[in-house]
Student: 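The structure's right below; bear with me while I get my questions together.
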Amino acid sequence: MTSSLRNSLHRRSHKERGQLAHRARFGLLEKHKDYVLRARDYHAKQDRLNRLRRKAADKNKDEFYFAMNKERTAEGVHIQDRGNKSMPMDMVKLLKTQDEGYVRTMRAAGLKKIEKLKNQLTSLANLVSFSDEGLDVGDEPLNESELETLCAAGVLPPQPESKGKQKHNSSPRLVLFAEDETDAQRYLDRHRSNGKTENSSPSDEPVDLGWKDTTSTKARRRRARSEDTKGAVGDLDAEEAENIKHRKRLLKELAARLNRDTQLLYAQRELEMQRQLAGKGGRRKVRGVEEIGANDEDDDEDDGLRTAARQSTPKTYKPRIYKWRVERKR
């Protein structure tokens, strides 16, 4: 019988016996392959325990080697030296200097990109005022985070500090003194009636009564030109929306650049501090590593970059500060 004929014949599929109904509380019925895995795991654990017992029984309590004098353990675990030799201090200083130079180079490249973004934002016409008064029709006012980013970058002057919760664009209030409550109520009624009269004024749109149009040719041309202008309003709105989107994209990139520049500045300071600490001279620690908070005081030339960095990431840390003892130069 050939193999093709043998494979074409119907064969009965033998099924494995399942768990009995009255033994269902014991779970699935274990097959031979399951027993093999369980037995191998059990014997592997037993062999490991036997090896540990044999090792503990054969241990020599008086065993000693002179290399044990230089070895050490931590919580019962043997710690072995990998054989790495410490580099001389001159080489460490050289490496710190190279790292500092690389950070300085990357920071200079980032500052050029920041200046390019500032020039692009300065050319925008909707960055001239803190309030909504100086904005053109269709321009979206800047929010608080965008204003802080622009002030930190130097595109806008610092915001004037407001006293209390008074807003910049708050209009002056008119205070009137009345003789009594009746006089005040009479003034309020008169003011409301005047407002209703102004709001209920008839519209200026002409009413078509079916008469012949007696307007001049120039007036008709002017009216047609105004209709064409209304048709172009939709295109202007789309262009203004694209301008606002472009401005937001520039502001987001500027905030990220300012944050990166701040972190590179602190990394450069930390590398310089490590290189100085490797030298000679008495010093004392004035301030350790601190996270940037709301009341930071930094007298560096890049002091204005802290605000944007604080908005972008909360985990920006200032480097350490040491004060060296004044020594007399010979």
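Keep in mind that the numbers below use all heavy atoms, side chains included, and drop hydrogens, waters and symmetry copies.
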Student: Whether the side chain of N119 engages the backbone of E115 through a donor-acceptor N/O pair (distance < 3.5 Å, no angle test) should be reported.
Tutor: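 Yes, because the side chain of N119 sits within donor-acceptor range (under 3.5 Å) of the backbone of E115.
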Student: Given the rule that I, L, V, M, F, W and Y join up when any side-chain heavy atoms are under 4.5 Å apart, are M273 and Y266 in one cluster?
Tutor: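 No.
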Student: Would you kindly confirm whether M106 and L265 end up in one hydrophobic cluster when ILVMFWY residues are joined by side chain heavy atoms under 4.5 Å apart?
Tutor: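 They do not share one cluster, since no chain of ILVMFWY contacts under 4.5 Å joins M106 to L265.
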Student: Only counting residues at least two apart or in another chain, list the ones meeting side chain to side chain donor-acceptor pair (under 3.5 Å) with S8.
Tutor: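 Checked S8 against side chain to side chain donor-acceptor pair (under 3.5 Å); zero matches.
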Student: Taking only residues two or more places apart in sequence or in another chain, which ones pass side chain to side chain donor-acceptor pair (under 3.5 Å) with Q268?
Tutor: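 Residues passing side chain to side chain donor-acceptor pair (under 3.5 Å) with Q268: none at all.
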Student: From L49 CG over to R54 CZ, what is the distance, rounded to the nearest 0.5 angstrom?
Tutor: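 The CG atom of L49 sits 11.5 Å away from the CZ atom of R54.
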Student: Hey, what do you get for NZ (K118) to CG (L121), rounding to the nearest 0.5 Å?
Tutor: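 Those atoms lie 10.0 Å apart.
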Student: Evaluate L117 against K113 for side chain to side chain contact (heavy atoms under 4.5 Å, CB included), listing each step before the verdict.
Tutor: CA-CA 6 Å; L117 291 173; K113 296 180 181 179; 5.7 Å; no
Student: Could you state the interatomic distance from CD (Q276) to OH (Y322), rounded to the nearest 0.5 Å?
Tutor: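 Going from the CD atom of Q276 to the OH atom of Y322 covers 12.5 Å.
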Student: If you count every heavy atom of other residues, nucleotides or ligands that lies below 6.0 Å from L28 atom CG, does the total exceed 12?
Tutor: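 Result for CG/L28: open.
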Student: Return each pair, listed once, that meets salt bridge (charged side-chain N to carboxylate O under 4.0 Å, His left out) where at least one residue sits in residues 37-48; pairs must be two or more places apart or across chains.
Tutor: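 For residues 37-48: E30-R38, D41-K45.
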Student: Output a table of donor-acceptor pairs, distance under 3.5 Å, between side-chain atoms of residues 55-66 and any protein atom two or more places apart or on a different chain; print 'none' if there are none.
Tutor:
residue	atom	partner	partner atom	Å
N60	OD1	D62	N	3.2
E63	OE2	Y65	OH	3.0

Student: What residues, two or more places apart in sequence or in another chain, satisfy side chain to side chain donor-acceptor pair (under 3.5 Å) together with R53?
Tutor: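 N50.
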Student: Tell me, please, which residues at least two apart from E100 pass salt bridge (Lys or Arg N to Asp or Glu O under 4.0 Å).
Tutor: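 With neighbours one apart ignored, the set is R104, R275.
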